[in-house]
Chemist: 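Dropping the structure in here first, questions after.
Residue numbers run from 1 in the order of the sequence given.
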Amino acid sequence: DIEAAVICKPWGHANPEAYYEANDGFADLGRLSCPLLCVQSSDDNVVPFCGKYAISDATLVNLSPFIACCTTLLGGHLSFLDWRGRSWA
């Protein structure tokens, strides 16, 4: 497994799950001390807007008074990929 060899082994993690748990920035959001604007498109085909892996705007806003969220209807991923994964740029 490339992920285990390239990412985990050099950094001393037993497996990919341990690596991602140790590097999960979600826990740090509650300690923000400067404003953070989270912008997400509902048609993003890479980062889920809804479903099992989605993080709701309400969840983020409740973590810190410094977090604000904005969700757009269109935009795709990084504004470059449409819902089919094709780049409009």
Side-chain angles (χ1 to χ4, degrees):
D1 181 45
I2 293 173
E3 194 172 46
V6 175
I7 296 174
C8 301
K9 188 175 181 180
W11 296 101
H13 297 284
N15 53 50
E17 292 77 17
Y19 169 82
Y20 289 113
E21 185 176 327
N23 291 286
D24 183 3
F26 190 76
D28 296 328
L29 291 175
R31 295 194 303 259
L32 280 175
S33 60
C34 63
L36 171 68
L37 174 61
C38 299
V39 179
Q40 182 177 13
S41 174
S42 62
D43 70 340
D44 189 327
N45 63 333
V46 178
V47 178
F49 177 72
C50 59
K52 180 179 177 180
Y53 297 105
I55 300 172
S56 72
D57 291 356
T59 298
L60 290 172
V61 170
N62 287 330
L63 290 173
S64 170
F66 294 102
I67 297 176
C69 295
C70 174
T71 301
T72 63
L73 183 60
L74 300 173
H77 187 70
L78 300 176
S79 297
F80 291 109
L81 301 178
D82 67 13
W83 64 273
R84 293 179 195 96
R86 296 183 304 201
S87 176
W88 59 264

Chemist: Just grab all the side-chain hydrogen bond (donor to acceptor under 3.5 Å, both in side chains) pairs involving residues 58-73, residues at least two apart or on different chains.
Modeler: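 Only Ser56-Thr59, Asp57-Thr71 qualify under side-chain hydrogen bond (donor to acceptor under 3.5 Å, both in side chains).
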Chemist: Taking all non-hydrogen atoms of both residues into account, name the closest pair between Pro10 and Ala5 and its distance.
Modeler: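 Distance-wise, the nearest heavy atoms are CD-O, 3.2 Å.
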Chemist: Starting at NZ of Lys9, measure out to CG of Asn15 and round the result to the nearest 0.5 Å.
Modeler: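 The NZ atom of Lys9 sits 14.5 Å away from the CG atom of Asn15.
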Chemist: Can you find a pair of side-chain heavy atoms, one from Phe26 and one from Leu60, that are under 4.5 Å apart?
Modeler: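 The answer is yes; the side chains approach within 4.5 Å.
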Chemist: Dump the intermediate steps for side-chain contact (heavy atoms from CB on, under 4.5 Å) on Ile67 and Leu32, then the final yes or no.
Modeler: CA-CA 8 Å; Ile67 297 176; Leu32 280 175; 3.5 Å; yes
Chemist: Report the distance from atom CG of Leu36 to atom SG of Cys34, rounding to the nearest 0.5 Å.
Modeler: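 The distance works out to 7.5 Å.
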Chemist: Compare all side-chain heavy atoms of Cys69 with those of Val61 and state whether any distance is below 4.5 angstrom.
Modeler: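 Yes, their side chains come closer than 4.5 Å.
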Chemist: Where do Ala14 and Ala18 come nearest, in terms of heavy atoms and distance?
Modeler: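 So the two residues come closest at N-CB, 4.3 Å.
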Chemist: Please go through Leu37's hydrophobic cluster and name the other residues, only I, L, V, M, F, W, Y counting, with side-chain heavy atoms under 4.5 Å joining them.
Modeler: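 ILVMFWY cluster around Leu37 also holds Val39.
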Chemist: Going by the side-chain hydrogen bond (donor to acceptor under 3.5 Å, both in side chains) test, which pairs reach into residues 20-38, not counting sequence neighbours?
Modeler: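 Only Glu3-Tyr20, Asp28-Arg31 qualify under side-chain hydrogen bond (donor to acceptor under 3.5 Å, both in side chains).
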